[in-house]
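The structure under discussion appears below in the form of structure tokens.
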Amino acid sequence: MLAWYDAHARSLPWRAPPGSPPPDPYRVWLSEVMLQQTQVAAVIPYFEMFTTRWPDFAALAAADDAEVMSAWAGLGYYARARNLLAAARVVAREHAGRLPGDEAALRKLPGFGAYTAAAVAAIAFGQRAVVVDGNVERVVARLFALADPLPGAKATLRMLVDSITPDTRPGDFAQAMMDLGATICTPRSPKCLLCPLADRCDARAEGAPESYPFKAKKAARPVRHATFFWLEREGQVLLVRRPPRGLLGGMRGLPTGPWAAAPPQLEEAPVETDWTLRNASIRHVFTHFELHATLATATLGRHIDAIEGEWWPIARLDEAGLPRLFAKAVEAMESVA
DNA sequence: GATCCGTGGCC
DNA sequence: TGGCCAAGGAT
């Protein structure tokens, strides 16, 4: 794997060339958090923006929460951004601005689970650690033709990864396994002819490597319905800050009514006024449900106040840091107008 | 262990 | 078209 990595490693903004000293732990950490459940191509522009604006732990620890959340907008899984800030502040305050170098200490920081702690320990600090992500699970399940389905097989897979992890260049080994999974040992149509492990791959010997790993079936995704309220006043629209936890937690958004099994129409409008229900429909797929939203619009005169939220210039909504769901609503309004 | 938590790309 | 998947973590 190391020889293959020396020849075929992907060049990525957070990565050091194979065999060279480890890169800046801050950049390794930031990239690993962004890469959680997120593909490389989606991460690269966010990584460049973040490292330009906040080049180290001290800068990020001193940043405004709202600016960091806005910068993360569109990348998804917003708890990552909240934990990112919390971890940066712990590192700045309690660890003299440096990430601890061992896996157990890393694991205690917000946003560091088993994978991220192992990956940072291996890649940024050269520690031997068992790094298991979705790519590694797939590669190893195929290599050993593991018949047990995920997620139940995770403990077995971790033992198998441990059994093949070397003492030397553990960071390069981990990245080699992940590169292999991302480029060769892909979920569908794996490119076995290019794989350095093809000779010893049990799944390939069986003839259907793409059938691994076996997985339990997922539950069907229900549909929920909501109304988004577009309230205008003098070229501005009302935005609210969502609660700090839960779905899109801590992000700006349009006021919405309840998200229910049936269209809620004008329930929980931010103000009692003459709403117009539009027939523009917004569809957005989350991990566990699909949302169908309709828009209700209204315009206020200048003297109505005492409404919770921020009045935001409509012409500058692209700067509001709206998650995609609400950005879609803005697009729908632009097409209506 | 099961659920919740975004978004975009792919076939 | 829609189901699946992606460098997972928190509760």
(Q) Is it true that, when you exclude R283(A) itself, more than 12 heavy atoms of the residues, nucleotides or ligands shown sit nearer than 6.0 Å to its CZ? (A) no
Q.
Please determine whether any donor N or O and acceptor N or O are separated by less than 3.5 Å between the side chain of R10(A) and the base of dA7(C).
A. yes
Q.
Whole angstroms only, please: what is the NZ-P distance between K217(A) and dC5(C)?
A. 12 Å
Q. Within this structure, what is the CG-to-P distance between L35(A) and dG6(B), rounded to whole angstrom?
A. 18 Å
Q) Is the base of dG6(B) touched by the side chain of T38(A) through a donor-acceptor pair closer than 3.5 angstrom? A) yes
Q. What is the nucleic acid contact for K215(A), judged by heavy atoms within less than 4.0 Å: base, sugar-phosphate only, or nothing?
A. sugar-phosphate
(Q) Between H284(A) and dT7(B), is there a contact of a side-chain N or O with OP1 or OP2 at under 4.0 Å? (A) yes
Q: Return the 5'-most residue of the pair G113(A), V285(A) with respect to DNA chain C, ranking by each residue's nearest nucleotide.
A: V285(A)
Q: Could you please name the option among dT7(B), dA7(C), dG8(C) that lies closest to any side-chain atom of Q36(A)?
A: dG8(C)
Q) When you compare dA2(B) with dA7(C), how far apart are their P atoms, in angstrom units rounded to a whole number? A) 23 Å
Q. Can you check whether C192(A)'s main-chain N or O pairs, donor with acceptor, with R204(A)'s side chain at less than 3.5 Å?
A. no
Q: Answer with base, sugar-phosphate or nothing: what part of the nucleic acid does W14(A) contact at a heavy-atom distance below 4.0 Å?
A: base
Q) Where do W54(A) and E67(A) come nearest, in terms of heavy atoms and distance? A) CH2-O, 3.9 Å
Q: Ignoring hydrogens and angles, state whether a donor on the side chain of Q175(A) or R15(A) is under 3.5 Å from an acceptor on the partner side chain.
A: yes
(Q) Measuring only the P atom in each nucleotide, how far is dG8(B) from dG9(C)? A whole number of Å is fine. (A) 22 Å
**Q.** Atom-to-atom span, CZ of R245(A) to P of dA10(C) - whole angstrom
**A.** 12 Å
Q) Would you say dT7(B) has OP1 or OP2 under 4.0 Å from some side-chain N or O of Y78(A)? A) yes
Q.
Just N and O in the side chain of Q37(A): are any of them under 4.0 Å from OP1 or OP2 of dA6(C)?
A. no
(Q) If we count only N and O atoms by modelled type, under 3.5 Å, do the side chains of T297(A) and E232(A) hold a donor and an acceptor together? (A) no
Q. How would you label the contact of P323(A) with the nucleic acid (heavy atoms, under 4.0 Å): base, sugar-phosphate, or nothing?
A. sugar-phosphate
Q) Hey, does G249(A) reach any base, or is it just sugar-phosphate, or nothing, if we go heavy atoms under 4.0 Å? A) nothing
Q) Given the rule in the ring-ring contact (aromatic ring centres under 6.0 Å, His included) test, do H288(A) and F286(A) qualify, once you have shown the distances and angles that lead to the verdict? A) CA-CA 6 Å; H288(A) 283 86; F286(A) 292 97; over 10 Å; no
Q. On DNA chain C, nearest-nucleotide positions of R221(A) versus M178(A): which is more 5'?
A. R221(A)
Q: Identify whether any heavy atom of L248(A) sits under 4.0 Å from a base atom; if not, whether one sits that close to sugar-phosphate; answer base, sugar-phosphate or nothing.
A: sugar-phosphate
Q: Report which part of the nucleic acid S189(A) touches: base, sugar-phosphate, or nothing (heavy-atom distance under 4.0 Å, all strands).
A: nothing
Q. Can a side chain N or O of R138(A) be found less than 4.0 Å away from OP1 or OP2 on dA6(C)?
A. yes
Q | d(NE2, H288(A); P, dG6(B)) in whole Å | A | 11 Å
(Q) Distance criterion of 3.5 Å, no angle test: do you see the side chain of Y115(A) paired donor-to-acceptor with the base of dG8(C)? (A) no
Q.
Whole angstroms only, please: what is the CG-P distance between L157(A) and dG8(C)?
A. 14 Å
Q: Answer with yes or no whether T287(A) presents, from its side chain, a donor or acceptor under 3.5 Å of a partner atom in the base of dG6(B).
A: yes
(Q) Applying a 4.0 Å non-hydrogen cut-off, can you work out what A182(A) is touching in the nucleic acid: base, sugar-phosphate, or nothing? (A) sugar-phosphate
Q.
In whole Å, measure the gap between the P atoms of dC4(C) and dT3(B) for me.
A. 16 Å
Q: Classify the nucleic acid contact of L12(A) as base, sugar-phosphate or nothing, counting any heavy atom under 4.0 Å across all strands shown.
A: base
Q | Cation-aromatic face contact R224(A)/F289(A), 6.0 Å, 45 degrees | A | yes
Q: Using atom CZ of R188(A) as one end and atom P of dG3(C) as the other, report the distance to the nearest whole Å.
A: 14 Å
Q: Please work out if A114(A) contacts a base, only the sugar-phosphate, or nothing of the nucleic acid, heavy-atom cut-off 4.0 Å.
A: sugar-phosphate
Q | Value in whole Å for how far the C1' atom of dC5(B) lies from CE of M251(A) | A | 13 Å
Q) Rounded to the Å, how far apart are R80(A) CZ and dG9(C) C1'? A) 10 Å
